[in-house]
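Notes follow once the structure below has been shown.
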Amino acid sequence: MVEPDASGSRPSVVDPWDVFLPPIVAGLSSALERSGVTVPRDELLDLLERDGGPDGEIALPTFRLAGRAKLAPNELAEKVAAAFAPEPSIRAVSAKGGYVNVAVVPERLVDRTLSLVLLRGDRYGHFEPGGGSVCIEHTSANPTGPFHIGRVRNAIIGDTLARVRRASGDPVTTQYYIDDMGRQAAMITWIWSKPQDEWPAPIRAAVDGLARDDDKPDLRWGRPYPAVSAYLKEHADAREEVAEVVRRIESGTATPRHRELAQAILDGMLASLDRLGIRFDEFVWESSLVADGSVDRVLGRLRAAPHALEEANGAWAIDTTSYRLPKESTKVVFQRGDGTSLYVARDVAYHLAKFARFGTLVDVLGQDHQLHARTLDALLAEVGEPRRPSFLIYQDITVPEGGRMSTRGGSAVWLDQLLAEAVERAQKEVRSRRDDLPEAEVGRISEAVATGAVRYHVLRVAPEKPVVFRWEDALSFEGRSGPFVQYAYARASSVLRKAERDRGPYPYEAARLREPAEIELVRTIAKLPGIVRYAARSSHVHAVAGYAHELADAFNRFYEAVPVLRSDAERSSRVALVAAARQTLGNVLDLLGVAPLPVM
RNA sequence: GGGCGCGUAGCCUAGCCUGGAUAGGGCACCGGGUUCCUAACCCGGUGGUCGAGGGUUCAAAUCCCUCCGCGCCCGCCA
């Protein structure tokens with residue numbers, strides 16, 4: 001479907017196709033009129049399919065209109081095709097299988113596309129700023145230890161959504177919400193507040209064999225976490241000590257060590273994400289919401305809410321009967337008997353703070369948070385907030401043996417481990433192809449190939465699909481992979497270097513580009529803006545990954561089919577096409593957060 | 001038990017919202033391609049009851065109902 005442009009019928013300056021749509025709609029409209037059907041332009045625009053026909057251009061299905069004309073679909077299509085008045089930008093209008101297929105003059109599409117891409121450069125595929133402010137919260141993993149690859153799906157999807165929405169024109173702020181208040185963070189503080197020789201024996205045993213001072217801080221300070229977690233299950237006295245830490249944190253009397261530890265572990269985690277190109281605009285510490293009194297205010301508002309009720313021991317809850325939450329209990333406790341807040345209450349405070357600054361909120365959440373999302377909606381309603389965040393829910397990454405990644409079960413694959421393995425394989429690959437590159441260059445390329453492969457592997461699948469982690473799949477450098485796209489970029493760069501046209505200018509004559517592979521490549525290049533808009537609106541960032549492969553594929557076919565440097569009259573036009581392809585490949589790689597490589 | 005998500009060739013996946021032209025890709029497998037711009041590539045081939053059954057419709061992978069299978073959630077945890 002062709003999206004109507006928000007700016008009306010004025011041709012957009014960002015999408016090559018937009019200039020062709022008005023004459024097509026006008027032409028179809030009067031052809032339909034002459035065939036006995038009146039269709040409003042808006043409806044027509046909505047009916048049009050892009051990428052539809054045998055030629056992959058604009059198609060109009062006549063099935064819904066045929067009844068109005070009292071004709072069989074293909075009869076109507078034939079009539080419309082015959083009645084279509086000649087138009088300079090239209091090459092042919094034909095009927096087939098109930099569709100009217102409109103083919104534009106290739107030369108015009110080539111001209112429009114190349115000029116737009118070369119003019120806009122790295123802004124091609126990006127729309128003019130215009131939307132309301134958006135806050136995308138993602139990752140927000142508790143600072144308790146290194147990332148495992150189950151968590152990294154959130155970070156990669158969230159970061160890519162931020163890139164895509166920025167390209168679509170939205171002013172985006174990304175936030176990482178750091179839960180430094182709950183039991184999990186308290187466990188870390190608790191164990192490190194004791195000298196190591198006073199640690200309970202099982203915890204010391206679990207950590208002793210592993211400890212190394214030169215570890216990354218997330219690994220180092222997070223190391224006892226699994227053992228502590230296991231230990232607490234069996235030791236009520238220790239649980240009480242941790243509960244005391246929780247109370248001290250919430251009352252603001254916790255040792256400063258607490259925040260330092262969380263920060264240290266977080267820094268280690270962020271260093272891993274940084275390798276994947278993932279960075280955040282803002283960090284929000286949960287404890288700061290307590291410190292500035294906003295959690296207290298929310299507790300007050302919730303206690304005064306329409307469905308608030310007080311429990312026998314002084315705890316407070318919301319009766320959620322009318323919200324029909326799929327829970328056995330019909331209430332949500334937001335304040336404990338001892339007066340401390342629960343996670344939901346703090347999350348309400350956090351979302352109110354976000355709504356105060358941003359028009360739209362997006363939370364990227366694992367499917368295990370689905371009920372929490374609905375609970376949050378209910379509590380926002382209770383405090384009188386009319387807006388709701390939108391949730392991008394993704395399925396967990398599981399291990400082949402079944403079940404989620406578990407830190408304790410030993411089934412977790414650490415992100416750092418995955419990247420190390422990927423880099424090793426990439427190095428082997430680079431060295432086997434290029435013995436002429438200096439070692440530093442090999443290292444740089446390998447890092448980009450490895451991280452690109454990992455990012456792409458996560459992005460290629462729709463978020464709602466469950467993913468089973470397999471090393472072989474995650475580390476693929478061929479076919480539908482990040483390196484496949486990077487390779488097309490590198491090939492294009494190489495051609496431009498040899499043409500001594502790395503930076504332009506790129507004079508061309510559109511009429512010189514008429515090989516099927518050339519037209520197909522141009523057509524694919526021209527799709528980028530539509531893909532960006534679709535992905536931003538639907539949050540289907542995997543569509544961008546799919547497009548990247550399609551584009552690289554179109555380039556590779558062109559590369560095999562058409563000589564560039566060895567052609568004569570066509571040479572400079574083909575160089576321009578390669579430049580446009582490289583630009584578009586680079587832009588889509590940026591959207592995916594995969595590094596473009598001029599050499600590989 | 002309730003809620004949400006998923007089920008498309010041996011494996012992975014797009015399309016599903018908004019029904020429409022021969023269900024697109026990738027891996028694996030088989031057969032080809034490099035005196036020529038990077039073979040991480042390209043060309044050709046084998047392989048499909050779109051979980052099952054019913055319904056709506058001129059038309060269903062797509063919408064509706066029932067069922068089956070898998071995952072997750074249903075805490076004064078986060």
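Because the structure is a prediction, the values reported are computed rather than measured. Heavy atoms only: backbone and side chains are in, while hydrogens, waters and symmetry mates are out. Note on naming: letters A, B, ... go to the chains in the order of the sequence lines (proteins, then strands), and numbering restarts at 1 for each one.
With RNA chain B read from its 5' end, the first of the two nearest nucleotides for A/Val461 and A/Gly182 is the one closest to A/Val461. Comparing A/Ser476 and A/Tyr559 by the nucleotide of RNA chain B that holds the closest heavy atom to each, the one mapping nearer the 5' end is A/Ser476.
If you take CG of A/Leu565 and C1' of B/U38, they are 12 Å apart, rounded to a whole angstrom. With rounding to whole Å, A/Arg582 atom CZ is found 14 Å from B/C37 atom C1'. A/Arg64 has its CZ atom 12 Å from the C1' atom of B/U57, to the nearest Å. A/Gln486 has its CD atom 15 Å from the C1' atom of B/C41, to the nearest Å. The nearest whole Å value for the distance from the OH atom in A/Tyr456 to the P atom in B/A14 is 11 Å. Between A/Leu376 atom CG and B/C77 atom P the separation is 18 Å, expressed in whole Å. For the pair A/His372 NE2 and B/G75 C1', the interatomic distance rounds to 13 Å; values are reported in whole Å. Between A/Leu577 atom CG and B/C37 atom C1' the separation is 14 Å, expressed in whole Å.
Under the Watson-Crick and G-U wobble criteria, each requiring two contacts below 3.5 Å, nucleotide B/U66 is paired to B/A52. Across all strands shown, B/G47 forms no Watson-Crick or G-U wobble pair with both key distances under 3.5 Å. Under the Watson-Crick and G-U wobble criteria, each requiring two contacts below 3.5 Å, nucleotide B/A21 is left unpaired. B/G71 and B/C4 make up a base pair, with Watson-Crick or G-U wobble contacts both under 3.5 Å. Base pairing analysis places B/C16 opposite nothing; no Watson-Crick or G-U wobble pair with both distances below 3.5 Å involves it. As the counterpart of B/G10, B/C27 is assigned, both hydrogen-bonding distances of the Watson-Crick or G-U wobble pattern falling under 3.5 Å.
In this structure, A/Val449 reaches the bases: a heavy-atom distance under 4.0 Å links it to at least one base atom across the strands shown. Looking at heavy-atom distances under 4.0 Å, A/Asp553 makes contact with sugar-phosphate atoms alone, never a base. Here A/His369 lies in heavy-atom contact (under 4.0 Å) with a base. A/Pro463 comes within contact range of no nucleotide atom at all, as no heavy-atom separation falls under 4.0 Å.
Listed candidates were B/C73, B/C41, B/C77. Nearest to the side chain of A/Leu371 is B/C73. Checked against B/C37, B/C77, B/C41, the side chain of A/Arg336 finds its nearest nucleotide in B/C77. Looking at the side chain of A/Arg470, the nearest of the listed nucleotides B/A14, B/A39, B/C12 is B/C12. Distance from the side chain of A/Glu328 is smallest to B/C74 among B/C74, B/G3, B/U38.
For A/Ala448, the side-chain contact (heavy atoms from CB on, under 4.5 Å) criterion is met by A/Gln486, A/Ala595, A/Leu597, not counting sequence neighbours. Here A/Glu241 pairs with A/Lys194 under the salt bridge (charged side-chain N to carboxylate O under 4.0 Å, His left out) rule; sequence neighbours left out.
The pair A/Arg434-A/Glu441 does not meet the salt-bridge criterion, since no charged nitrogen lies less than 4.0 angstrom from a carboxylate oxygen. The existence of a salt bridge linking A/Glu447 and A/Arg444 is excluded, since no basic side-chain nitrogen approaches an acidic carboxylate oxygen closer than 4.0 Å.
With hydrogens and angles left out, the side chain of A/Asn313 and the base of B/C76 share a donor-acceptor pair within 3.5 Å. A donor-acceptor contact under 3.5 angstrom links the side-chain atoms of A/Gln367 to the base of B/G71. For A/Arg557 against B/C42, a side-chain-to-base donor-acceptor contact under 3.5 Å is absent.
Partner A/Leu60 forms a side-chain contact (heavy atoms from CB on, under 4.5 Å) with one of A/Val93, A/Val39, A/Leu44 and no other, that one being A/Leu44.
Panel note: side chain A/Glu311, backbone A/Gly337; no donor-acceptor pair is recorded below 3.5 Å.
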